[in-house]
Amino acid sequence: MAALDNVKLKDVLADVASGSLQLPDFQRNWKWDDDRIRAIIATVTLDYPLGVVMTLQTGGATRFRSRTLTGARPDGDPAADLLLLDGQQRLTSLFQALWLDAPVETADARNKPIERWYYVDIEKAVGPGADRDEAILSVPADKVLRTDFNRTVVLDLSTTENECAAGLFPLHLVFDAQRVNQWMMSYVKADEGRNWNLWGQFDELVLQQVRAFQVPMIRLAATTSMDAVCAVFERVNTGGVPLNVFELLTATYAGDRDYVDQTGDYYQLPQVWREIKQGLAAKYPVFGRLDGGLENGLSSIDFLQAIALVRTWERKQSGRGATVSCKRRDLLDLPLADFVRLAPKIADAFAWVGDFLERQCIVRPGDLPYKTQLVPLAAVRAILDTALDGLGAEEKTEQWYWCGVLGEMYGGSTETRFTRDVEQLVPWIARDDRAPDTVTDAFFFTDRLDSLTTRNSAAYKGIYALLVKQGAVDWHYTDSPLKPGRLDEYSVDVRQIFPKTWFRRGNSQNLPTNSIVNKTPLSYRAAMDMTGAPASYLSTMVAASDMRPEWFDDVLATHLIDPEALRDNDYERFYHDRSKQLQDLVHSAMGKRTMLRDLAEGDAR
């Protein structure tokens with residue numbers, strides 16, 4: 001339930017000062033600049049609509065850690081009665097400009113930090129309303145305006161006498177009746193014949209408007225669910241950045257008094273996540289390099305989704321839940337006690353995933369086909385634990401993984417597939433039940449090879465990894481097959497076998513020239529020698545390798561390439577032969593036959 005009231009601005013700002021009205025900790029920092037502050041002050045002095053402010057009553061089951069609005073320094077550590085969901089920028093600006101006896105810490109048009117006091121020009125303010133924006137003035141912290149690189153003083157408001165002489169009223173006094181009266185007497189005394197009438201108009205048209213100004217406020221009941229709070233916040237907040245579930249949980253967990261540590265501090269979810277992510281990324285770069293930020297690669301949401309999958313699996317097995325799920329509401333409903341219990345298990349599961357990916361020769365973030373597929377894989381590992389370590393379990397896990405990659409099953413909506421894979425993969429591995437839909441529904445059509453041209457495709461990355469996994473030997477470093485640990489050392493990437501320059505003579509026979517069929521994993525050093533026709537650069541490579549030609553043919557064969565076709569510069573023979581060998585490679589990884597596009601579903605070649 002929600003209630004709408006009109007509350008006097010003075011009372012709202014008093015609640016901000018006392019700490020009765022605070023921010024939930026997931027709110028981002030106040031950031032309005034000088035121009036926007038002057039504009040909203042003009043709005044209030046004209047009694048124009050400010051817009052609805054939305055708050056949440058505290059005391060419900062969902063407890064957020066809260067913090068005061070910027071500039072508020074209440075006595076002690078008061079508990080908030082209301083949490084501000086929408087209106088932070090407006091109320092913080094007005095609180096600092098109209099209530100605090102201190103300059104406002106804001107920014108100029110170039111986002112440079114500045115400190116400003118705000119004044120209203122009395123004579124301009126009693127004129128037409130259209131002039132009100134021009135009547136609001138801001139001055140530096142020392143109350144002196146300068147020009148000519150700060151060498152020339154154009155306005156000095158450092159004393160009350162100077163303020164009165166300039167006819168500029170300091171707006172931070174507006175709600176302090178005693179100080180307003182003292183300032184008024186000084187102002188009238190400066191020019192009684194003129195200023196008395198001006199003050200009367202100013203008091204009626206400006207000061208009384210501000211004192212009587214009302215803020216429409218929606219109060220959400222304390223019983224409002226976290227999911228509803230999150231949805232409401234995102235709909236009313238126009239700051240541009242959607243509210244992150246992780247931020248919301250951070251504020252919620254911080255408000256859980258059952259998990260205050262020995263120093264009396266609240267549970268710090270960001271610090272816990274930082275330690276987990278850094279530990280994983282330090283050992284497994286595939287999860288994102290440490291210098292790329294905590295949310296680069298494996299993200300906090302990926303981690304929370306894996307926890308939610310395991311938690312809902314447990315609840316379903318015990319009869320307390322109906323489905324396995326990791327939707328947004330499942331993350332928002334994740335109790336801190338369950339997070340604390342499951343986080344170490346999920347961290348260990350992702351470490352196992354890192355080892356699994358290394359066995360698939362996927363060790364770099366850019367080579368990972370689907371980051372999303374790792375979420376259900378980690379959940380299954382956490383559920384089955386060491387049961388995944390057996391030979392049969394490993395084979396099934398690999399088949400499921402490569403069906404997902406080469407069948408491109410994780411390219412669309414993933415939450416439903418997460419659920420289905422966990423529910424089907426666990427019994428398939430543990431009890432040899434029916435294979436998961438990701439395995440049975442995955443197909444790789446033969447003509448898909450022709451269109452795999454960039455890393456935007458998971459199947460492209462998958463075939464690249466499979467070529468390394470099945471034993472491809474570099475054409476410069478020919479001493480042993482490529483290994484995961486050498487991919488960075490040798491600057492291995494997907495290199496074109498028949499170079500682009502060779503096709504300028506019309507040698508493509510109308511076959512694709514940029515597909516994965518004409519590419520293979522090779523070092524940068526090998527690629528430097530691959531210019532001109534293959535027959536030409538192969539002779540150079542053979543000589544540099546100090547190998548017999550037939551031995552180098554064996555090296556070429558590790559890339560599923562017909563050496564004779566390459567030596568004859570026969571692109572058509574090369575392309576058809578390698579397509580067939582790549583199809584067999586895919587067939588082996590998926591544990592099923594590839595499909596012809598023109599065959600009916602279910603017919604195998």
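Start at 1 with the first residue, then count along the sequence.
The pair D5-R219 counts as a salt bridge, with a side-chain nitrogen and a carboxylate oxygen less than 4.0 angstrom apart. A salt bridge links D338 with R311: the closest approach of a Lys/Arg side-chain nitrogen to an acidic carboxylate oxygen falls below 4.0 angstrom.
The side-chain hydrogen bond (donor to acceptor under 3.5 Å, both in side chains) pairs that include a residue from residues 94-107 are D101-H172, D101-R179, where partners are two or more places apart or lie in different chains.
The neighbour count for K327 NZ, taken as heavy atoms of other residues, nucleotides or ligands under 6.0 Å away, does not exceed 12. Enclosure of atom CG in D77 is not indicated, since only 12 or fewer non-hydrogen atoms of other residues, nucleotides or ligands lie within 6.0 angstrom. Heavy atoms of other residues, nucleotides or ligands lying less than 6.0 angstrom from CZ of R274 number 12 at most.
Remark: the backbone N or O of V375 is not paired with any side-chain donor or acceptor of D302 at under 3.5 angstrom.
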Name every donor-acceptor pair, under 3.5 Å, that has one atom in a side chain of residues 69-76 and the other anywhere in the protein, sequence neighbours excluded.
| residue | atom | partner | partner atom | Å |
| --- | --- | --- | --- | --- |
| R73 | NH1 | G71 | O | 3.2 |

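Side chains of D81 and Q57: no donor on one and acceptor on the other come within 3.5 Å. A side-chain donor-acceptor contact under 3.5 Å links R132 and T45. Side-chain atoms of E161 and S186 form no donor-acceptor pair, as typed in the model, at a separation below 3.5 Å.
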Carefully, step by step, assess R38 and D35 under the rule salt bridge (Lys or Arg N to Asp or Glu O under 4.0 Å). CA-CA 5 Å; R38 288 191 292 107; D35 288 341; 2.7 Å; yes
Pair Y119-F169, ring pair (Phe, Tyr, Trp, His ring centres under 6.0 Å): steps then yes or no: CA-CA 5 Å; Y119 286 82; F169 176 76; 8.3 Å; no
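Between F175 and V210 there is a side-chain heavy-atom pair separated by less than 4.5 Å.
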